[in-house]
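Numbering of residues begins at 1 and proceeds along the displayed sequence. Just so it is clear, the structure is predicted and the values come from calculations on it, not from any experiment.
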Amino acid sequence: MQSSYCRALMLFTFLFAKGVYAQPPIFTSPSYSVQVQETTAKTVVGVAPSPRPPDGFLTVRCINRFNSSVGMTYTIGQISGFFPFVLNSTTGSFSVTQDLVYATQPRSYNFSVWCYDNLSPNLSSNASVTISVVEVDKYAPVFTPTYIFLTVNETTSVGTVLASTRRDVGAFKVYNATDMDVGPEGVLNYTVYYLDPRFSVDATFGTLTVQQSLNVDYIGTFINIIIHACDLLVCADFNIYINIIRQNDHYPMFSQKVYSVIYNDSTSPGQVIPSNCTDQDIGVGALQGVVFLNTTPGVFLLNSSTGVLTTNISMEYRRARGYTVVLLC
């Protein structure tokens, strides 16, 4: 009776142990994902060079749930094409075997890894791995040309495009802003350091547009607009110099259309008739002067700069009952 009990106990123990070691190993995660910077020695100012990722930048781990001392062997599943990584079959650690170049090589590597326990017969499991290559900002934005000059009339219409990186918007001047980086590091965003409220600049293409009337109150207006083109880390400056030209867009005007003055007989010479002409234009379109268009010779003196009339002789009733003078400014 005792012998039969021992046999049953031994059989049970054997089956339990076999059940433990018959379980396949498992990865600590069903998937692994990591980002690594591309390899580069050239970067923009203020950005450190990026060497190859260190050995062990990614480690996968597989375990036996019932016996952590069971050894594992790691392998990479089927891959094709360029693959700059190697897997340590004992530790599950990855290393980089070649420089990583974002612009010319794959930017993401998706593959599977397998682990096999060191039991007999051995069992296996697999997990997915994604390694993404991140671009390093190697280049600063560059403007061509580095600045432009624009001369515009003050009568230029609101909505007129003065300058742009686009060639299809009818701009007065086209300029180029480029960044040799590929990907997000090469996408430029435009902002303005100084912007006159009469103009606007859009953030996508750096298009400079007239936003308000350019009418000016003095001779010329010289404006310097500074545009920043920025990638993710670095900005470059672009200067747009604008000279607004005053136009002859105002008529000269007398302070009133008709001046009427009554003098007593024998009023002495030198009486002032307060007529005057002004012009809001300045410069080329400014008031050039006032002239007689019709008058009685010798009776009046005219200040050609202001249009003010002065009597040159005494006002005698016997000489004339009145005078008509026509001035032109």
**Request:** Go through Phe85 and Phe83 one step at a time and tell me if the ring pair (Phe, Tyr, Trp, His ring centres under 6.0 Å) criterion holds.
**Result:** CA-CA 6 Å; Phe85 308 102; Phe83 192 78; 5.5 Å; yes
**Message:** Under a 3.5 Å threshold, yes or no: a donor from one side chain and an acceptor from the other, between Asn110 and Thr130?
**Reply:**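 Yes, Thr130 and Asn110 have a side-chain donor paired with an acceptor closer than 3.5 Å.
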**Prompt:** Side chains of Thr178 and Asn176: donor-acceptor distance under 3.5 Å anywhere?
**Reply:**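 Their side chains do not contain a donor-acceptor pair, so the 3.5 Å distance test is not met.
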Give me the atom names and distance for the closest heavy-atom approach of [X] to [Y].
| X | Y | value |
| --- | --- | --- |
| Leu188 | Ala229 | CD1-CB, 4.3 Å |
| Ala236 | Phe143 | O-CE1, 3.4 Å |
| Ile76 | Ile79 | CG2-CG2, 3.9 Å |
| Arg198 | Ser213 | CD-O, 3.4 Å |
| Ile240 | Ala163 | CD1-CB, 4.3 Å |
| Ala140 | Asp179 | C-OD2, 4.0 Å |

When you group the ILVMFWY residues by side-chain heavy-atom contacts below 4.5 Å and let the links chain together, are [Y] and [X] in the same group?
| X | Y | result |
| --- | --- | --- |
| Leu150 | Phe238 | yes |
| Leu100 | Val86 | no |
| Ile225 | Phe172 | yes |
| Ile313 | Val261 | yes |
| Val192 | Tyr190 | yes |

Tell me, do [X] and [Y] make a side-chain contact under 4.5 Å, heavy atoms counted?
| X | Y | value |
| --- | --- | --- |
| Ile245 | Val152 | no |
| Gln98 | Phe82 | yes |
| Val113 | Thr75 | no |
| Val308 | Val272 | yes |
| Ser128 | Tyr32 | no |
| Ile244 | Ile223 | yes |
| Phe66 | Gln23 | yes |
| Ile131 | Phe111 | yes |

Separation between [atom1] of [X] and [atom2] of [Y], rounded to the nearest 0.5 Å:
| X | Y | atom1 | atom2 | answer |
| --- | --- | --- | --- | --- |
| Gln211 | Leu208 | CD | CG | 10.0 Å |
| Ile26 | Ser29 | CD1 | OG | 10.5 Å |
| Met72 | Ser89 | CE | OG | 13.5 Å |
| Ile242 | Leu162 | CD1 | CG | 5.5 Å |
| Thr73 | Asn122 | OG1 | CG | 8.0 Å |
| Asn224 | Asn243 | CG | CG | 12.5 Å |

Is a donor on one side and an acceptor on the other found under 3.5 Å between the side chain of [X] and the backbone of [Y]?
| X | Y | value |
| --- | --- | --- |
| Thr160 | Val210 | no |
| Asp181 | Tyr139 | yes |
| Asp202 | Thr207 | yes |
| Gln256 | Val258 | yes |
| Ser164 | Arg166 | yes |
| Ser314 | Glu316 | no |
| Gln37 | Val133 | no |
| Asp117 | Leu123 | yes |
| Asn153 | Thr155 | no |

In residues 54-62, what donor-acceptor pairs under 3.5 Å come from side-chain atoms, sequence neighbours left out?
{"from": "Asp55", "atom 1": "OD1", "to": "Ser95", "atom 2": "OG", "distance (Å)": "3.1"}
{"from": "Thr59", "atom 1": "OG1", "to": "Ser93", "atom 2": "OG", "distance (Å)": "2.9"}

**Request:** Provide the full list of ring pair (Phe, Tyr, Trp, His ring centres under 6.0 Å) pairs with a residue in residues 148-169, sequence neighbours left out, each pair given once.
**Result:**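 For residues 148-169, and leaving out neighbouring residues, the ring pair (Phe, Tyr, Trp, His ring centres under 6.0 Å) pairs sorted by first residue read Tyr147-Phe149, Phe149-Tyr241.
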**Item:** Residue that, paired with Phe300, satisfies side-chain contact (heavy atoms from CB on, under 4.5 Å) out of Thr310, Asn312, Thr311
**Value:**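 It is Thr311, the one option of Thr310, Asn312, Thr311 that forms the side-chain contact (heavy atoms from CB on, under 4.5 Å) with Phe300.
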**Request:** Report the residue from Phe94, Trp114, Phe27 that forms a side-chain contact (heavy atoms from CB on, under 4.5 Å) with Tyr74.
**Result:**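 The side-chain contact (heavy atoms from CB on, under 4.5 Å) with Tyr74 is passed solely by Phe27 among Phe94, Trp114, Phe27.
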**Message:** Heavy-atom count check: over 12 atoms from other residues, nucleotides or ligands less than 6.0 Å from Asp168 CG?
**Reply:**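 Enclosed.
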**Prompt:** Quick one: do Glu38 and Arg107 make a salt bridge, cutoff under 4.0 Å?
**Reply:**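 Looking at Glu38 and Arg107, the cut-off is not met.
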**Prompt:** What's the verdict on side chain to side chain contact (heavy atoms under 4.5 Å, CB included) for Val36 and Val134, showing C-alpha distance, side-chain angles and the deciding distance?
**Reply:** CA-CA 6 Å; Val36 294; Val134 179; over 6 Å; no
